[in-house]
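Remarks on the structure that follows.
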Amino acid sequence: MTARKRVVVVGGGYAGLTAARRMLKRGRDLEVTVVNPHGYMTYQPLLPEVAAGTVQPSHVVVPLRSAVPGARVLSAALTSMDPEAKVAVATAADGTAHRLEYDELVLAVGAVTRILPVPGLVEHAIGFRTVEEALHLGNRVLARIELAASSTSPEVRRRALTFVVVGAGYAGVEALAELQDMARRTLHRYPGLSIEDTRWVLVEAGPRILGQLPERLATYAAANLIGRGVEVRTATTVSEVEPDRVTLGTGEVIPADTVVWTAGVVANPVLRRLGLPCDPAGRVVTDASLRVLPGVWALGDCAAVPDLVTGGLCPPTAQHAVRQAVRVADNIRGREREYRHRDAGAVASLGLRKGVAELYGVPLRGVLAWWVHRLYHGSRLPCARRRLLVNLVWLLGSRGRDPVALHALESPRTPLREAHAAQRAS
Ligand SMILES: Cc1cc2nc3c(=O)[nH]c(=O)nc-3n(C[C@H](O)[C@H](O)[C@H](O)COP(=O)(O)OP(=O)(O)OC[C@H]3O[C@@H](n4cnc5c(N)ncnc54)[C@H](O)[C@@H]3O)c2cc1C
């Protein structure tokens, strides 16, 4: 019996999961190991809906062990590799180092939030790439509304009801739009408060929002947001974040308890430590077949892949990640071809029943674009059961979560500590 080819897929996100599944779907002659720090992949395009409560958090995370049943799943992070010896080292949370010998290595470690040297940013802002951050953010908006409703101090109310989102790409715009809609739905239940009491500020360093979309659609999206009372500040930077305020590069100080940081992504910093060729943005450079070196492949947000259609590099989108995954899997199986994909377009939600989209060059706006957004993402989740659940909830016309702020979500040990303190005091 011939030994099975050993494939190590590093990263169990959209690209890694799709590549591993594709390799195993085509036969069990490969021994596939998926290395990921945690046991699930996250479908990031639906995180804004998770924050707004129109999609359940458990429906956008897919357990790797059930999604790729034929693979070995290792909860660890790639820390080093030796391409000559064909060995990768992955380190588990407790420090255990796993030495993984491979015939083919697939790098799909994605990107991380870009951190700029802004004082207070890491301490006081919140990112928007994980399901935990999305859940926290939705809960925080509800908790701030509750605080404002029970306070008589105008300063406390103003700070609590001001939400600043930095970065106006998909993540920032969709998160702000969905959260504002959720706040509007919620505020109906708070006599004495209305959406006019809230303040939403979208800060973008570039000249316009939604730089990934054609200008006329981005202009429509900006007009929609401004019409809803959102303050859109383009060509503006943030110079400091404090627990109760944000200072902009213009010198303006915005009193706010909540700052969301979505100012772009950079390739996973681990890549620079691997000794592989990287571009100035830190992405691993591949050829048109997604190969880095003999036996090493890279794809998704962590890779600089030539775009044979436009002539540049493929943008870091889910659309490219999933198609590159199919290509890598087939290349490893010996049906090697260059990666070539014509972008089908882009969709962005602007909250309930509002959106912008471009499909094969056709611009769409409003409710039609929003339906395209739901149909597209409702069909792309990489798990049939979750697709069904998400679509069912949407079809049943869920208007989102009940407006309840779960106070102990951020610090679940607090109730036990409070019970202890109260009993000692009595
Ligand atoms: C809020 C949000 C909304 C988005 N909306 C859209 C959209 O509407 N349309 C679109 O096309 N794209 C969208 N994107 C982008 C899209 O989600 C990404 O392009 C896509 O997820 C890239 O897939 P990936 O597998 O390369 O990276 P990821 O899905 O990020 O996966 C990387 C994986 O690698 C793991 N990893 C990291 N370091 C290591 C290590 N050292 N060792 C092992 N594993 C490691 C990570 O834990 C993760 O599981 C959105 C992104 C966000 C954050």
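Nothing fancy with the numbering, it's 1 onward along the sequence. In listed order, ligands and their atoms are each counted from 1. Side chains included, hydrogens not; waters and symmetry mates left out as well; all remaining heavy atoms used.
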Is Lys5 salt-bridged to Asp103, going by a charged N under 4.0 Å from an acidic O?
->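 Salt bridge between Lys5 and Asp103, a charged N being under 4.0 Å from a carboxylate O: no.
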
Under a 4.0 Å N-O cut-off, is there an ion pair linking Asp181 with Arg228?
->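 Result for this pair is yes, salt bridge flagged.
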
Identify the protein atoms, limited to N or O, that lie within less than 3.5 Å of an N or O atom of ligand 1, and list each pair with its distance to 0.1 Å.
{"from": "ligand 1", "atom 1": "11 (O)", "to": "Ala318", "atom 2": "N", "distance (Å)": "2.9"}
{"from": "ligand 1", "atom 1": "12 (N)", "to": "Ala318", "atom 2": "N", "distance (Å)": "3.2"}
{"from": "ligand 1", "atom 1": "17 (O)", "to": "Gln44", "atom 2": "OE1", "distance (Å)": "2.8"}
{"from": "ligand 1", "atom 1": "19 (O)", "to": "Asp301", "atom 2": "OD1", "distance (Å)": "2.9"}
{"from": "ligand 1", "atom 1": "19 (O)", "to": "Asp301", "atom 2": "OD2", "distance (Å)": "3.3"}
{"from": "ligand 1", "atom 1": "19 (O)", "to": "Pro316", "atom 2": "O", "distance (Å)": "3.3"}
{"from": "ligand 1", "atom 1": "19 (O)", "to": "Ala318", "atom 2": "N", "distance (Å)": "3.2"}
{"from": "ligand 1", "atom 1": "21 (O)", "to": "Gln44", "atom 2": "OE1", "distance (Å)": "3.2"}
{"from": "ligand 1", "atom 1": "25 (O)", "to": "Tyr14", "atom 2": "N", "distance (Å)": "3.2"}
{"from": "ligand 1", "atom 1": "25 (O)", "to": "Ala15", "atom 2": "N", "distance (Å)": "2.8"}
{"from": "ligand 1", "atom 1": "26 (O)", "to": "Asp301", "atom 2": "N", "distance (Å)": "2.9"}
{"from": "ligand 1", "atom 1": "29 (O)", "to": "Tyr14", "atom 2": "N", "distance (Å)": "3.3"}
{"from": "ligand 1", "atom 1": "38 (N)", "to": "Asn268", "atom 2": "ND2", "distance (Å)": "2.8"}
{"from": "ligand 1", "atom 1": "41 (N)", "to": "Leu78", "atom 2": "N", "distance (Å)": "3.4"}
{"from": "ligand 1", "atom 1": "41 (N)", "to": "Leu78", "atom 2": "O", "distance (Å)": "3.3"}
{"from": "ligand 1", "atom 1": "42 (N)", "to": "Leu78", "atom 2": "N", "distance (Å)": "2.8"}
{"from": "ligand 1", "atom 1": "49 (O)", "to": "Asn36", "atom 2": "OD1", "distance (Å)": "2.9"}

Heavy-atom nearest pair, Asp29 first then Arg333, reads OD1-NH2, 2.7 Å

Would you say Leu210 and Leu217 make side-chain contact, with heavy atoms under 4.5 Å?
->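 Leu210 does not reach Leu217 side chain to side chain.
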
Within 45° of the six-membered ring axis of Tyr220 and under 6.0 Å from that ring's centre, is NZ or CZ of Arg365 located there?
->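 Yes, Arg365 and Tyr220 form such a contact.
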
Is the count of non-hydrogen atoms from other residues, nucleotides or ligands lying under 6.0 Å from Arg335 atom CZ greater than 12?
-> yes

